[in-house]
Amino acid sequence: MNNAPKPYGIIAEFRTAADILHAAEKVRDAGYQKWDVFTPFPVHGMDRAMGLKNSKVGWFAFLGGVAGYTTGMLMIWFMNALDYPLVVGGKPMFSPFYAFPPSYELTILFGAFGSLFGMLFLNRLPRLYHPLLKNRRFALVTHDRFFLVIECADPKYSEAQARKLLEEAGSRHIEMVED
Amino acid sequence: MKKSMSTPLDLSRWRKVPLLLTAGGGLVALLGLLVNREQFAFSWLLAFMFFLSLSAGALFLVMAHHLFDAGWSVPLRRFLEHLANLFPWLAVLFVPIALLAPTLYQWMSLDPHLDHALHAKQPLFTRPMFYAVAAICFGVWIFLSNRLRHWSLEQDRSGAALPTHRMRFYSCVGIFLFAITLTLAAIMWMKALQHQWFSTMYGVYYFAGSVWMTLGTAYLITLVLDRQGVLTDTLHDHQYYFLGSLLFAFTVFYAYIHFSQYFIIWNGNMPEETFWYVLREKGTWWWVGMVIIFGHFFLPFLALLRIDVKSMFGFMAPLCGWTWLMHYLDLSFNIMPVKHPDGFVLHWIDLGCWAFMAGLLTMIFLREYGKHPPYPLKDPRLVEAMGFAHPIPTQISGGELDECDDTPAVHPEVQGGRQ
């Protein structure tokens, strides 16, 4: 039985936001895919430095909104015009005008659901355990240190090359993280 | 700073177009006045309200710039100031409306003792008040736009902080005066065509459509000035994105206002309110209403949803032109059913009046733009518009260090100034 822990990835520590930004540019240009950056606060320009594309959450919000609007209209039409026709104020049994405010509310509600659950889905959350939580130095990420992690699962990953790249990028402290 | 787009366009062929429009349109309008006075009055009013939108929208954007202490819109402020300074000329163009008012406004020839709707609107709906309102509106607009441009040009010379404080002052006072006068103008000049009607949304409705169309215009003007290399050095990626986002916001705002107006009247279902929309659902006006719902709202709304399209020029330029068409149709929907209850008519006098004003105002705008620096040269926030951070807190920025969307090390020469 092999109890030796599997490596998760290689973690590099940086001292300043500018350092990690340039490190991210180098890792991006080296062609890695499964890697991430951890900073105590948002660093402007990091999206571009990491080569991140526009988030797909917008599509979940849009589809949620369309679903909400349709649900609202269908619900009101079904209740007032089909299942239990009721004349109110001499108005038609169904009109998109009076059905609009509730449908609009549902558009917003479902749109918000779409963005929240879409975000959770794309981030693979909730997740109770992460290998990085075992790393003691990583706790400094909530204080004043910046970390860059390249996962072993990356197709281009080789420990020697990744370590060399991160050293060249200016990291003073590099170590392996176990799964 | 962004890179220049490509070689400037050769616009020399277009140089004579404004003059031709003025002369040709002026002749057609004059002929219209002689042949069909009533149609001329309505056509002139429609064209006038259209171009009033542009100056009102520009004045609002200038004041909003100062009120929000914005940085990104500094390079665009100068041409907006010139657009707002067309108000004295619009006051001249108002003269035919003032003279033909009895032809346009039925209430002027009614006895308030016999007409309850008119009696309820005393003393606003009296002839002296009609002219007083016009004088007050133009007085306020000319004063505000003149002062805002005066101090802006003053800062080009002195580079002092005082002009910024003055412009803020005029914007703070001005935004209230602007809201009141624009509402009065929309009520007295457009809504009063059917004086029996009332809607508290009406001023905001005209405002929303006006700023929407002005934003489309501002996008196009920025695009042309960027292409010609006039503004290129002062622009950053975010100007187009912010203009597109504002256009998107006002697309929704306009729809919200117009829907609310319709919804409340539809729900209340009272004849003294519904008659306004009943008239506008007859004949081809029904289809104009549909075009407004889908073309003024749904098309730009869905088109502008994506974050990246706001900076795609091939996509945005036609959309900005579309705002002109839609706003014109929207104003026609407000004004023309009184004259043509059976359906939409595009009269040749409409085109003449529009062409005359378009040509005249373009000539004045270009002359004014050419006379002064193309953007506020010494505005303390110009550096932010270019995408750089303030190296040190300034008096104007209120001591904040402003963030920019670029990384510090991208512009080492600027960051080197940090103390």
Side-chain angles (χ1 to χ4, degrees), chain A residues 14-26 28 37 39 41-66 69 76 87-92 94-105 107-108 111 114-115 146 169-170, chain B residues 2 236-238 241 245 248 252-253 255-271 273-274 277-278 281 289-290 293-294 297-298 301-312 384 387-390 401-412 414-416 418:
Chain A
F14 295 89
R15 290 289 179 126
T16 68
D19 286 349
I20 196 153
L21 198 88
H22 294 304
E25 282 167 353
K26 284 208 172 74
R28 173 197 68 192
V37 163
T39 59
F41 49 81
V43 176
H44 284 271
M46 187 55 90
D47 286 14
R48 214 181 303 165
M50 289 179 72
L52 293 180
K53 295 209 179 70
N54 195 3
S55 162
K56 290 190 178 69
V57 172
W59 285 103
F60 288 89
F62 178 74
L63 292 175
V66 171
Y69 187 78
I76 292 163
V87 178
V88 180
K91 297 285 195 326
F94 177 77
S95 161
F97 293 112
Y98 77 71
F100 183 80
S103 308
Y104 172 70
E105 302 283 333
T107 309
I108 297 194
S115 47
F146 305 80
Chain B
K2 56 197 284 301
H236 189 63
D237 300 330
H238 56 211
Y241 173 67
S245 302
F248 181 61
V252 179
F253 181 55
Y256 169 69
I257 294 298
H258 202 172
F259 176 80
S260 300
Q261 178 175 285
Y262 187 89
F263 179 70
I264 288 165
I265 290 172
W266 187 90
N267 237 6
N269 206 14
M270 297 193 297
E273 289 175 341
T274 51
Y277 275 112
V278 169
E281 288 180 8
M290 288 295 128
I293 292 173
F294 287 95
F297 173 63
F298 275 106
F301 173 74
L302 293 173
L304 286 167
L305 262 183
R306 274 186 68 96
I307 194 167
D308 50 357
V309 296
K310 293 165 187 108
S311 316
M312 289 181 186
E384 280 173 48
F388 302 133
H390 264 304
L401 274 174
D402 292 283
E403 291 173 337
C404 69
D405 64 350
D406 267 315
T407 56
V410 174
H411 304 296
V414 172
Q415 289 302 316
R418 190 185 285 275

Contact residues of residues 303-312 of chain B (partner chain A; heavy-atom separation under 4.5 angstrom): Leu305(B), Arg306(B), Ile307(B)

is_close_aromatic(Phe263(B), Phe100(A)), centroid dist under 6.0 Å: no

Crowding at OH, Tyr277(B) (>12 non-hydrogen neighbours, <6.0 Å): yes

Crowding at CZ, Phe259(B) (>12 non-hydrogen neighbours, <6.0 Å): yes

Asn267(B) portion near chain A, given a 4.5 angstrom heavy-atom threshold: both

Could you list the donor-acceptor pairs under 3.5 angstrom formed by side chains in residues 55-63 of chain A, with sequence neighbours left out?
residue	atom	partner	partner atom	Å
Ser55(A)	OG	Val57(A)	N	3.0

